[in-house]
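Scroll down for the structure; my scribbles are underneath it.
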Protein chains: 2
Amino acid sequence: MSQTVADLRVERKPKLSETVVAAIRKQLLAGEIPPGQKLPTEGQLTETFGVSRTVIREALAKLAADGLVEARQGAGVFVSEHISTSFGVLAADMGAKDSVALNVLEVRLAIEIESAGLAAIRRNAAQEAAIQEAFFEFERLLLASQPTGPADLAFHRAIASATNNPFYVEMLDVLGRRAIPCDVTSPWSTELVQSDEYQRGLQREHLVILNAISAGDAEAAREAMRTHLTRSQQRYRERLQARQAYYANSLKAASTE
Amino acid sequence: MSQTVADLRVERKPKLSETVVAAIRKQLLAGEIPPGQKLPTEGQLTETFGVSRTVIREALAKLAADGLVEARQGAGVFVSEHISTSFGVLAADMGAKDSVALNVLEVRLAIEIESAGLAAIRRNAAQEAAIQEAFFEFERLLLASQPTGPADLAFHRAIASATNNPFYVEMLDVLGRRAIPCDVTSPWSTELVQSDEYQRGLQREHLVILNAISAGDAEAAREAMRTHLTRSQQRYRERLQARQAYYANSLKAASTE
DNA sequence: TATTATGCAGTTGTATGATGACTTTCGAAT
DNA sequence: ATTCGAAAGTCATCATACAACTGCATAATA
């Protein structure tokens, strides 16, 4: 019964290796050890962090799994060359779950880009109309100052449907269920970034996609969808950082009391 | 002078844990252990794989990092609830019908195109080497007049792996199993279209992809992969028609007897 | 009887020491 | 100067032990 309500909130005790991973990752991303350079040996890290080699090895294995470092037997552990562009940068200091969510989101990106291209080629009149309808519904909700999330989702879904390949829709549903649909439905951001200008931007991007599909230009449709989703990804990442900062602050506030 | 061409012979011995990861991942994606269920204990896995607990733990850590399993101290290691097993069942009940297979193949196309682009940006040295290795293995098998299917699959898999997004690999595994790997492994076509010239063509397309990825050119990599898979799709369609024609003939022959 | 407390067996987390395999370095022999 | 080989450094793996935690059965209690 050492469990208080506060304890229930989150949290199981973090494994030591996770702590070490966070510390090393932070240093790597700060560029304290340039790419291609060798990290301290496991023995040195053992002393530095005051934990066993077991923990150090587990931490290094995780970093290697993320592509941040590479271990060469007999030589040492080296900083990976591509970390500046690595996805690990985006997933920097967030928990494993957020990182997973970002990865899923990325797969969704692949699905949607291609479906936009196919929709441009294969859509029939009714399907094109459905996409337009979702577009205008978004517009209506926006003017009425109502939540636009559902319309946004419907827009993307209509496009997937217009590929005439039912699996695209299924994939979208399956992926969307776990990884925060697209733009404005995550619970902790509803009040923060729902600015009019923000949603206007979304709608402008939607329009470009819609036009490309209507024109039957697959290449343009893919490109438009790519920029749209890439930006969404960026927005999502920024929100994660904002949340992280929020928690950090509340933590600091709590500790200064 | 340290690096000669011969040195590029990349054949670094795979770590034991990697082997174990592959084996367990395969089982998980096949759905042999349903989500939420407990895996065998580390001790049991130690016996079944004949390696030390260190290796097993490292493998489990990697799987946990990929979000496939979750370890709870004192309880055990459990299969994650929200795995792509939904894809598993998705892909399970199809495969019967060819039209369905074609649709799945199309989804796979979307996945692979994007992963080629990401691989061009994010691959590290070891991953690039793995792709090259698969490429040369294809070459070797081709010259030896042996089946090139496995090498072809390995090539595509190495690319997915180089995205550093484990979900791409999972998707490929799940989709690839049911829906005709890539080009020449479907059972009813082995003798038909294995012409040398045919496979030379494949290899040429592979080379373009490989070069683009090595050059770090995402756009070119996507384009190369798109043409490769589109042509494969086309080849597959032709083979379907050929088979159809064959059956039609044998049917007619049977009826006239 | 119903409920709580206790203890035990099973499992994961961490620590430690030893050995094998591989890489790099440097000095000796040619 | 070049080649070869020994040795040190480092990661990979193994084996063992203990600590921390969980789930469950059993005992103690009201």
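Proteins come first, then strands; the chains are lettered A, B, ... in the order of their sequence lines, and each starts at number 1.
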Look at the aromatic rings of B:F155 and B:H206 and report parallel, tilted or perpendicular, splitting at 30° and 60°. parallel

Tell me, please, which residues at least two apart from B:S214 pass side chain to side chain contact (heavy atoms under 4.5 Å, CB included). B:E128, B:Q132, B:L210

Round to the nearest Å and state the distance from B:E42 atom CD to D:dC14 atom C1'. 15 Å

Expressed in angstrom and rounded to an integer, what is the separation of B:I56 atom CD1 from D:dA12 atom P? 17 Å

Which nucleotides of nucleotides 14-21 of chain C have their base under 4.0 Å from a protein heavy atom (B), which only their sugar-phosphate (S), and which neither (-), written as one string 5' to 3'? BBBBB--B

Find the distance between CD (A:E106) and CG (B:L118) and round it off to the nearest 0.5 Å. 4.5 Å

A:L45 atom CG is separated from D:dC11 atom C1', nearest whole Å, by 13 Å

Does the side chain of B:E170 reach to within under 4.5 Å of the side chain of B:L68, using non-hydrogen atoms? yes

Backbone N/O of A:Y168 and side chain of A:S115: donor-acceptor pair under 3.5 Å: no

Whole-Å distance between C:dG10 C1' and B:R72 CZ? 14 Å

For the pair B:H156 and B:H228, name the ring-plane relationship: parallel under 30°, tilted 30 to 60°, perpendicular over 60°. parallel

Mind calculating the distance between NZ (A:K38) and C1' (C:dT24) to the nearest angstrom? 11 Å

B:A75 side-chain proximity, nearest of D:dT10, C:dT12, D:dT22: D:dT22

